[in-house]
Amino acid sequence: MDKTLYRLVYLSRNTITGDDDRLQDEIRGILDVSQRNNRQAGVTGALMFNTGCFAQVLEGPHNRIQDTFERIQCDPRHSHVSVLAFDRVEARYFSDWDMAFVGQNAQSIEQFADFNERSSFDAKALDGDTVFELLRIHLDEAERA
Amino acid sequence: MLAESVGASATGVAILDEQDRVVYANAAFAVQLHLPHAAALIDTLALSTWTHSASAQERDALEQQLRDPDASVLDLQVAGSETTTLYLDDRREGRRIVMVSNDWPMPGAPRNVIAQLDALTGLANRATYDEYVQSLSSSKEESPASAVILLDLDRFKQVNDTLGHAIGDSLLILAAKRMRSAIRSDDILIRLGGDEFVILQAHNKQPESAESVAERLVELLQRPFLINGHQVNSGASIGIAVLGQGTREPEDLLKHADLALYEAKRLGRSRYCFFESSLESRALERRNLELDLRRALCLRQFSLLYQPQKSLSDDSISGFEALIRWDHPVRGRVSPVDFIPLAEELGEIHAIGEWVMRTACQQAATWEGEQSVAVNVSPLQFEDDHIVDVVTKALKDSGLAPERLEIEITESTLMNNTEEVMQRLWAIKNMGVGIAMDDFGTGYASLSHLNSFPFSKLKIDKSFIQAEQSPRAKALMDAILTMGTSLGMMTIAEGVETPDQYKELAQGGCNTVQGYYIAKPMAPDTIESFMRSMQTVSITPVG
Ligand SMILES: Cc1cc2nc3c(=O)[nH]c(=O)nc-3n(C[C@H](O)[C@H](O)[C@H](O)COP(=O)(O)O)c2cc1C
C-alpha cells in the first residue's frame with residue numbers, strides 16, 4: 001500500500017434540521033462512526049461545525065481518504081461539499097485524533113459563523129490553509145484548556 | 001438484473017485491473033476465499049491476499065496465470081483442507097473477471113454472466129439492457145410503468161483528455177458507486193458504454209420515482225471526486241423516458257431518453273429532463289436542417305450581400321460588410337442566426353467560412369473604388385492555423401490589396417487558447433489586413449480584451465445604438481467612443497436606423513456608421529449603381 005500521505009480540507013453545508021439537541025445527537029453519531037471507521041482505515045483528522053456548515057480535515061493514504069470521502073459525500077446530513085485543498089503532505093497534523101472535534105464551545109461556533117458569513121458560503125473565497133489554520137488554532141486552545 | 005444478482009450471488013465474482021488489483025468483489029467472493037469482507041478487498045493485490053493459505057506451488061501458478069491474458073482455471077487452498085476453484089476470464093481492455101466456486105464447473109452459467117458484466121465498473125452492460133427491453137416487449141401482462149433513466153457524465157472527455165485515461169476510468173468507477181448508493185435496491189444500474197449509464201426502474205409510482213432518483217443523482221455527481229491526488233469535478237446530465245407516459249414501445253425507451261438527455265445538455269447540463277413528443281419533432285426538424293445545411297454549399301445556395309459603411313468625416317462610402325444569406329428552395333431564406341450556430345456545431349463553418357472569405361475578396365476586387373470589405377470570421381475558424389492560409393490564399397487569388405480586407409471577430413474568439421489565437425491574429429494583421437472587434441460591449445471582459453490586441457476598429461453593438469435614449473445610455477456611448485479614439489482604434493456603429501441615432505453618433509465623434517438609415521444590405525451587382533447614386537446625392541442628417 002502506498003504510504004504517501006494526503007490531506008483533504010473541505011467545507012459543506014449542514015442540512016441537519018431540528019433543535020439543538022437533535023444537532024448534538026447527530027454530531028455525536030457522526031463522531032462515533034468516524035472514530036471507529038477512521039481508526040480502522042488509518043485516517044486522522046478534525047471536524048468543525050456550526051448550525052450552518054461543516055469543515056473537515058482528513059489525513060491519510062490516498063485511497064483511504066478517497067473511500068472515506070466517497071462515503072461522506074453520500075451522507076444526506078450535509079450538501080454543497082466543496083474541496084478547499086487536497087494535497088500531499090509530509091506528516092500528519094492530527095496524528096493523535098481519529099476524528100478530533102472542534103466547535104463545541106460558544107465562542108468557536110461564533111468564530112466559525114463569522115467566517116461563514118463573510119464568505120456567504122462562497123467557499124472559493126477561502127483557501128484550504130485558512131480553514132486548516134482555524135481548525136488548528138481551535139485544537140490548540142482545546143488542548144490548553 | 002444480472003449485475004444485481006451478481007452482488008448477491010453465491011458465485012464469487014471479482015474484477016482485477018491491469019496491475020492485478022481488485023477493483024470489485026462481491027460478498028461471496030470474500031467468503032469463498034476466506035477473506036475479510038468484500039469492501040476491504042478493493043485495491044489489494046490478488047496475488048498477496050488470495051494466497052494466504054495456498055502452497056508455494058499454487059502461488060506460483062496463480063502468478064503465472066495472472067500474467068497470461070488468456071482464460072484459465074486454478075485450484076487454490078483457502079483454509080486447512082478446503083480448496084476452491086478460481087476461474088480467470090481472459091483479459092479485456094486491461095480488466096479481468098475472476099470467478100470462484102466450490103462446485104466448479106457450472107455448465108454454461110459463468111460465460112453468460114461475464115458477457116453481461118461491464119469489466120471496468122462491474123455493473124451490468126448493454127446486453128442486460130437489451131434483455132430487459134426484450135422482456136418488456138414479450139411480456140403479455142400489463143407491465144408496471146418502467147422508466148429508463150439515461151445518464152451522461154459531464155466533462156468526462158475533458159477529464160480523459162487532460163488528466164489521462166487512468167483517471168477517467170477511476171472517475172467512472174467512483175461515479176458508478178455513487179449512483180449505486182443513490183438508487184433503490186430493485187433499480188438496475190447499467191453501464192451502456194463510455195460515460196453513459198442507464199438506470200432501469202420498474203415500479204408504478206412514475207414519474208415521481210424516476211424524478212426523485214434523477215434529482216439525487218444530479219446532486220451527488222456534482223460533488224467533487226478525489227482521484228490520484230486531483231480534485232475532479234464532473235456532474236450528470238439525465239434524460240428520462242417512461243413506458244406508458246409518452247413512450248408506447250419498449251424499443252423506443254432508450255431513443256426517447258436520449259432525446260431528453262440531449263435537451264438536458266442543451267439547457268446547460270447538470271440537470272434532468274423528461275421525454276416529450278415535441279422533442280422528437282424538434283430533433284427531426286433539426287436533422288433535416290442539418291442535412292440541408294451540409295449540402296447547401298455544394299448546391300450553391302449561399303450568397304453574399306453587402307451593407308455599406310459610411311465615413312462620417314467626409315460622407316463617403318468607405319466600405320461594405322459582407323453578410324451571408326442562405327436561400328433554400330423550400331425553406332426560403334434562412335437567417336444566419338439559425339444556421340451559423342448549427343454550422344459551427346457540425347464543423348461546416350470551416351468550409352462555409354472559407355467560401356465567404358474567398359467570395360468576398362473576389363467580389364471586392366471588382367469594385368471600382370477602394371472601399372474595404374469586412375468579413376465575419378467564426379471563433380471556431382481561429383482554432384487552427386488554417387485561417388491564416390485561408391486569408392493568404394483569398395488575397396492572392398483575388399488580387400485584393402490586403403489593406404482593403406478587414407476581418408471581424410467576436411470577443412469569444414479571445415476566450416480560449418489565447419496564445420495561439422493571438423499568433424494567428426498577428427499573422428493576419430502583419431499581412432496588412434485590418435482586424436475589427438465585432439459586437440463590442442456584449443461580451444464578458446471587453447476591456448481586458450481590448451488591451452490584448454491592437455484592433456484596428458471597434459464595432460459598437462447595435463444594442464447600444466438602439467437603446468432607449470437616456471443620459472446614462474448617452475454617457476456610455478460617449479465613453480466607448482472616447483476610449484476607441486484614445487486607444488487609436490476606429491469606431492463603427494452598426495444598426496443605425498434613425499436620423500437621431502445618426503446625429504448623436506456624428507456629434508459623439510464616431511468614425512463610421514452602418515445600418516438601414518444608410519442602406520440595406522445589397523446584392524453585389526447593385527453596388528455599382530449604388531455607388532454612382534451616392535456620388536450625386538449625399539445623405540445628410542436631417543434636423
Ligand atoms: C460532515 C460529516 C463528516 C463525516 N466524517 C466522517 C469520517 O471522517 N469518517 C467516517 O467514517 N464517516 C464520516 N461521516 C459519516 C459518513 O457519512 C457515513 O455516515 C459513515 O461513514 C457510515 O459508516 P458505516 O457504514 O460504518 O455506518 C461524516 C458525516 C458527515 C455529515
Side-chain angles (χ1 to χ4, degrees), chain A residues 1-15 33 36-43 45 53-90 121 123-124 126-128 131, chain B residues 17 19-25 36-49 121 159 163 166-167 169-185 189 212-213 215-236 270:
Chain A
M1 174 105 249
D2 193 353
K3 286 279 182 295
T4 314
L5 285 175
Y6 278 79
R7 181 183 298 134
L8 166 73
V9 184
Y10 75 80
L11 216 54
S12 63
R13 207 176 286 185
N14 184 346
T15 55
V33 173
R36 190 182 66 231
N37 288 341
N38 296 3
R39 182 170 315 141
Q40 205 168 17
V43 169
C53 79
F54 291 105
Q56 191 173 30
V57 178
L58 292 170
E59 304 170 326
H62 184 281
N63 289 1
R64 296 291 156 257
I65 294 205
Q66 188 183 65
D67 289 348
T68 309
F69 186 61
E70 280 298 317
R71 241 181 310 123
I72 297 173
Q73 287 272 43
C74 299
D75 198 313
R77 288 172 290 195
H78 64 169
S79 68
H80 296 79
V81 177
S82 47
V83 171
L84 305 185
F86 182 49
D87 301 306
R88 283 171 75 144
V89 287
E90 289 303 317
F121 219 87
K124 281 171 215 87
L126 293 161
D127 55 83
V131 176
Chain B
D17 70 7
Q19 277 78 45
D20 294 323
R21 278 180 199 280
V22 178
V23 293
Y24 169 80
H37 63 102
L41 277 178
I42 306 300
D43 222 31
T44 60
L45 274 177
L47 199 59
S48 50
T49 48
T121 57
V159 169
L163 298 171
I167 290 187
D169 282 358
S170 301
L171 174 60
L172 291 172
I173 292 169
L174 291 178
K177 272 200 216 159
R178 281 195 196 172
M179 290 179 217
R180 163 146 318 289
S181 83
I183 62 179
R184 296 168 30 148
S185 60
L189 178 58
S212 76
V213 161
E215 204 168 316
R216 178 95 179 117
L217 286 171
V218 167
E219 220 276 298
L220 269 186
L221 293 168
Q222 223 165 24
R223 301 181 178 184
F225 293 86
L226 305 175
I227 303 169
N228 233 350
H230 300 277
Q231 178 188 338
V232 178
N233 290 301
S234 183
S270 261

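The sequence lines fix the lettering, A, B, ..., with proteins before strands; numbering per chain opens at 1.
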- Item | Considering all heavy atoms, the nearest B/Pro224-A/Val83 contact | CG-CG2, 3.5 Å

- Item | Where B/Arg223 and A/Ser79 come nearest, the two heavy atoms and their spacing |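 Minimum heavy-atom contact is NH2-CA, 3.4 Å.
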
- Item | Contact class of A/Gln73 relative to chain B, heavy atoms under 4.5 angstrom | both

- Interface moiety of A/Phe86 toward chain B, non-hydrogen atoms closer than 4.5 Å: both

Just verifying a value: how many Å separate [X] [atom1] and [Y] [atom2], rounded to the nearest 0.5 Å?
X	Y	atom1	atom2	answer
A/Asp67	B/Ile42	CG	CD1	8.5 Å
B/Gln231	A/Tyr10	CD	OH	13.5 Å
B/Asp43	A/His62	CG	NE2	10.0 Å

- Max heavy-atom pairs within cutoff under 4.5 Å with chain B, candidates A/Arg88, A/Gln40, A/His78, A/Arg71, goes to A/His78

So for [X], is it side chain, backbone, both, or neither that comes closer than 4.5 Å to the heavy atoms of chain A?
X	result
B/Glu219	side chain
B/Leu174	both
B/Leu45	neither

- Heavy-atom check, side chain of B/Phe225 versus side chain of A/Gln66, under 4.5 Å: no

